[in-house]
Structures are given as structure tokens and as C-alpha cells.
2 protein chains.
Amino acid sequence: MRGELTAKGRATRRRIVEGAAEVLRERGVVATTLDDVLARTRTSKSQLFHYFPSGKDELLVAVARFEAGQVLADQEPHLGRLDSWEAWARWRDAVVERYEEQGDQCPLGSLLHRIGRTTPGTRAIVTGLLRTWQESLAAGIRALQAADLLPGDVDVETRAAALLAAIQGGVSILLSTGESGHLRAALDQSIADLRRDGDPARPRATAG
Amino acid sequence: MRGELTAKGRATRRRIVEGAAEVLRERGVVATTLDDVLARTRTSKSQLFHYFPSGKDELLVAVARFEAGQVLADQEPHLGRLDSWEAWARWRDAVVERYEEQGDQCPLGSLLHRIGRTTPGTRAIVTGLLRTWQESLAAGIRALQAADLLPGDVDVETRAAALLAAIQGGVSILLSTGESGHLRAALDQSIADLRRDGDPARPRATAG
DNA sequence: GATGGAGTGGACCGCAGGGTCCACTCCGTC
DNA sequence: GACGGAGTGGACCCTGCGGTCCACTCCATC
């Protein structure tokens, strides 16, 4: 069915997904009803069920996929080119800024929580996102190696995995407390420790 | 009202909270209804509303408080005595094991998500938990300093904050993907980096 | 053994909100 | 300009579930 959509149809479907994403970000998954989405997107029930025959859950999955795309898109300018310590610093700032702005709403997290992470398709969304993210970080570390800023024997995968966990943890604490201090600390410490791999004489942590 | 409960009343209230916690862990917040809790705890609606006059949300807050207590209680034997690298390793194992067992259910997270983190009382639950947790980690680092295993100029607070974020991130990835690799990597890397503060000649990461 | 309040049982209510249905319009094709 | 299928509108249905209510029991106190 997805492939057979008219241009008009595709536009409507897209309008629904993006509008739903808006509403969901504003009110949260729990509080958002189909009627809210309908009102926001100027659509009728029949349209919604026309494009998402299995109803709300199918819509939420579509929105989750959309939001997952956003995460990397938002940091792409920096994430794709982590080949100097300055680039890493800029990326760090971008991440912190992005999540500070976002405040205590985690669109993707809430969605997945509501749908259930266990269903294969759903879990694939987040595992795919995390994998890509971590690969970008690993590529960044290798770029540092290529630029002779890091020695070749750094355990790239472990560093990348730990870095990703640091971000996730910082974000999750930001979501719970509203404070971005941990996100900053985690990123700063991780980057500082990574940097020490290349220069053991460095200070132990960057100043806040 | 809380103070005026009979022994019998307190027992019932407690039975409800603990039973609810069980059901919530098994089915998740979204899928759990009051009737489920009632059935599990062999209680009637009137009792539930007798002890939690504002209904479901009040019950969930009580359960959240209960679960928050559990988190630290579960690691207390290790968390209170982080005065050697071996103790840190044992604690690491305990954390990994605990969260691997728990699987992809995060009782506290789901609860708070459902209730909303913005209400003052609710946010206090998680901020309090995180603060205590981080203080224990900081105390552990200071214990290492006292034992001359770490120099005195380590930035204890940043290290502790980053460590806490690492755990949270690892757990949150475990919840999403079902894999504990990131949790392990994050903890190992964090501890290894911390350890390098005391011995710069050490290898860059512990082997998995 | 009367009194009253805490504790308990469960029938019942109200409605939000997901999902169905059918009638309609729009537009490309012949 | 008839035909048909995609696209649209919105009334309606129905269940699940949070919450209310009242009748009852249990037990401490006098």
C-alpha cells in the first residue's frame, strides 16, 4: 500500500506524521489523542486510518522512525567530520545545545516506551540509530588517528561505545532532572580521557 | 492521614504498593490497570482508594518512591565500600548483573514517564536518588585517594558525575536494545580512565 | 454489648478515546 | 461525460478503565 500512494496521498501522510510529531513533543505520548493529531493536521479520522490501517500504534511507529532520523540529521554537519579536537569540541557544543533546547521531552524515548521496545520492527529503529551514531563516533576517532592526533593502538570500538553511553546517560539525566550538568561532565570527561590517549601528560579533566 | 494508619492498615497499604510494583514490572505501566493490581494483591477498589485517595497517580508515585529505594539498596553492600580497585570491580559486576537480570524493564523510568517528571514531588524522587548515588561514587573515589591509590588532585565531582552518566547511559541502551555491551564498555572504560589518573603508564582500556 | 471509626467488598457509573462505517468529493483515464 | 478508485468528512459505536458509592465487617474503647 505504501508504494501506491498518489502525490497528494504522500503529502497527506507526511503532514500527519510531522503534525503528530509536533503534538507528541508538546504534550507527550500519554496525553496525546488521535483527535489532537486530527485537529492539528486538519485531517479526519478516516484519513488517518486510511494511511495507518492498524491505528495509533502504526502511526506512532512512523513518528518514531521520523524522529530517529532527526536525531542524526541535527548533528550531521559536525558528526560527519570529527577530524580535529576543535571539531570534537564543536560537536560537543552542538549536542549539548540541542538537548538543552529540547528540555525534558524525549520524543523518541517516549514513543518507544509507549509502543514497546520488544517488537522486532520497533527495536530495529533504535538499534539502527545507535549503531549509526556509534559508527560515526568511531569514524571520528579513526580520523584523529589518521591525523596523527591519536596513536593507532586506541581501542576504537570500546571508546566509541563508552562515548555513546556517556551521551545517552547525560541526556537521560537531563530528561529526569532538567539539568545539563551531567551531559556536559560526561562529554568533557570522555573527550578529555580520549585526548589523554594521545598525550598522557595532559591534565585529567578539562575545566567545565 | 498517613500517620493515622493502624498496623493492619499499614500492612495493607504496603501490600498494595509492593504488589503494584510487581505487576508494573511485569506488564509495564501502560498495560497495567487498577484491576490488575487489585487482583494481584487480593484487595478491593475501595481499599485502594482508601489508601490512595487521588487514585492511580498517587499509587504510582508511591511505587516510584519504593522502586527508587530499591535501586540503591540492591548495590548497597558494594556501593558503601569502594576503597580498593577490587571493590570497584565487584561493584561493577553487581551493577551489570542487576541490570542484566532486570532486562528491558525500567520500573522507575516508566513510572516517572507516566506521571510526568515536571511535578515537584516527582522530580524530587529521581534527583534525590541520583544525588545519593553520585555522592556514593564520589565517596568511593575519595576512599581511593585516602588509600593512596589515586592522587589528591583528581576532579572527584566531575569523575563521579561522568561515572553516573556512564551507568545511566549503559542502562538506557540496555533497555532499548537488550544488549549489556554498552553498559560494560562504559563502566570498564570509566574505571580504567579513573585508574589511569593514579598510574598514567597503564593500558588504555581494560580488556572486556 | 453498644458505639463508631477504620478497614473491606464489589456493584455501578461516566466517559474518554480508539476504531468502524458510509456517504461524499476529486481527479485521472477511456 | 461516465467510471472507478484514491482521498476526505464526520457521525457513531463500544470497550476499557479510572473513579464513586454504599453496605458490610472487624475491633478497640467504654
Side-chain angles (χ1 to χ4, degrees), chain A residues 1-21 23-24 26-64 110-111 113-116 119 122, chain B residues 1-21 23-24 26-64 110-111 113-116 119 122:
Chain A
M1 161 168 276
R2 280 280 289 280
E4 307 162 13
L5 289 180
T6 319
K8 198 181 178 186
R10 261 177 283 125
T12 304
R13 198 195 125 97
R14 206 179 139 186
R15 198 176 79 238
I16 295 178
V17 171
E18 296 183 2
V23 185
L24 286 164
E26 289 169 20
R27 310 195 191 171
V29 191
V30 197
T32 301
T33 73
L34 290 187
D35 287 338
D36 292 334
V37 176
L38 266 31
R40 170 71 56 107
T41 58
R42 314 283 279 172
T43 344
S44 66
K45 271 251 174 89
S46 66
Q47 290 183 75
L48 201 153
F49 279 86
H50 181 64
Y51 294 106
F52 306 94
S54 342
K56 195 177 191 183
D57 281 358
E58 192 179 352
L59 171 63
L60 291 181
V61 171
V63 175
S110 329
L111 286 169
H113 169 253
R114 162 63 169 75
I115 313 167
T119 42
T122 312
Chain B
M1 160 168 281
R2 281 279 289 279
E4 306 162 15
L5 289 180
T6 320
K8 196 181 180 186
R10 260 177 284 126
T12 304
R13 197 194 127 98
R14 206 179 140 187
R15 197 177 78 237
I16 295 178
V17 171
E18 296 182 3
V23 185
L24 285 163
E26 288 170 20
R27 313 197 189 169
V29 190
V30 197
T32 301
T33 73
L34 290 186
D35 288 337
D36 292 334
V37 176
L38 266 33
R40 171 71 56 106
T41 58
R42 313 283 279 172
T43 344
S44 66
K45 272 253 173 89
S46 65
Q47 290 183 75
L48 201 153
F49 279 87
H50 180 63
Y51 296 106
F52 306 94
S54 342
K56 195 177 191 185
D57 281 358
E58 191 179 353
L59 171 63
L60 292 181
V61 171
V63 175
S110 329
L111 285 170
H113 170 252
R114 161 64 168 74
I115 314 169
T119 40
T122 312

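Throughout, a chain's letter reflects where its sequence line sits, starting with A, and its residues are numbered from 1.
Looking at every heavy atom in both residues, B:Ala20 comes nearest to B:Val37 through CB-CG1, 3.9 Å. The minimum heavy-atom distance between A:Leu24 and A:Val29, with the atom names listed, is CD2-CA, 3.8 Å.
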Point to revise | Pair A:Arg40-A:Glu26, salt bridge (charged side-chain N to carboxylate O under 4.0 Å, His left out): steps then yes or no | key: CA-CA 12 Å; A:Arg40 170 71 56 107; A:Glu26 289 169 20; 2.8 Å; yes
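Counting only distance, with no hydrogens or angles, the side chain of A:Arg15 and the backbone of A:Thr41 share a donor-acceptor pair below 3.5 Å. Judged by distance alone, the side chain of B:Thr33 and the main-chain N or O of B:Asp35 form a donor-acceptor pair under 3.5 Å. The main-chain N or O of A:Arg14 is never found under 3.5 Å from a side-chain atom of A:Glu18 such that the two would form a donor-acceptor pair.
Put simply, the residue from B:Thr43, B:Ile16, B:Val17 that forms a side chain to side chain contact (heavy atoms under 4.5 Å, CB included) with B:Tyr51 is B:Ile16.
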Practice item. Any chance you could list the contact pattern along nucleotides 11-20 of chain C? Use B for base contacts, S for sugar-phosphate-only contacts and - for none, protein heavy atoms under 4.0 Å, 5' to 3'. Key: ------SBBB
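Taking every nucleotide of DNA chain D with any atom under 4.0 Å from a non-hydrogen atom of chain A, the first and last of them, 5' to 3', are D:dA6 to D:dG10.
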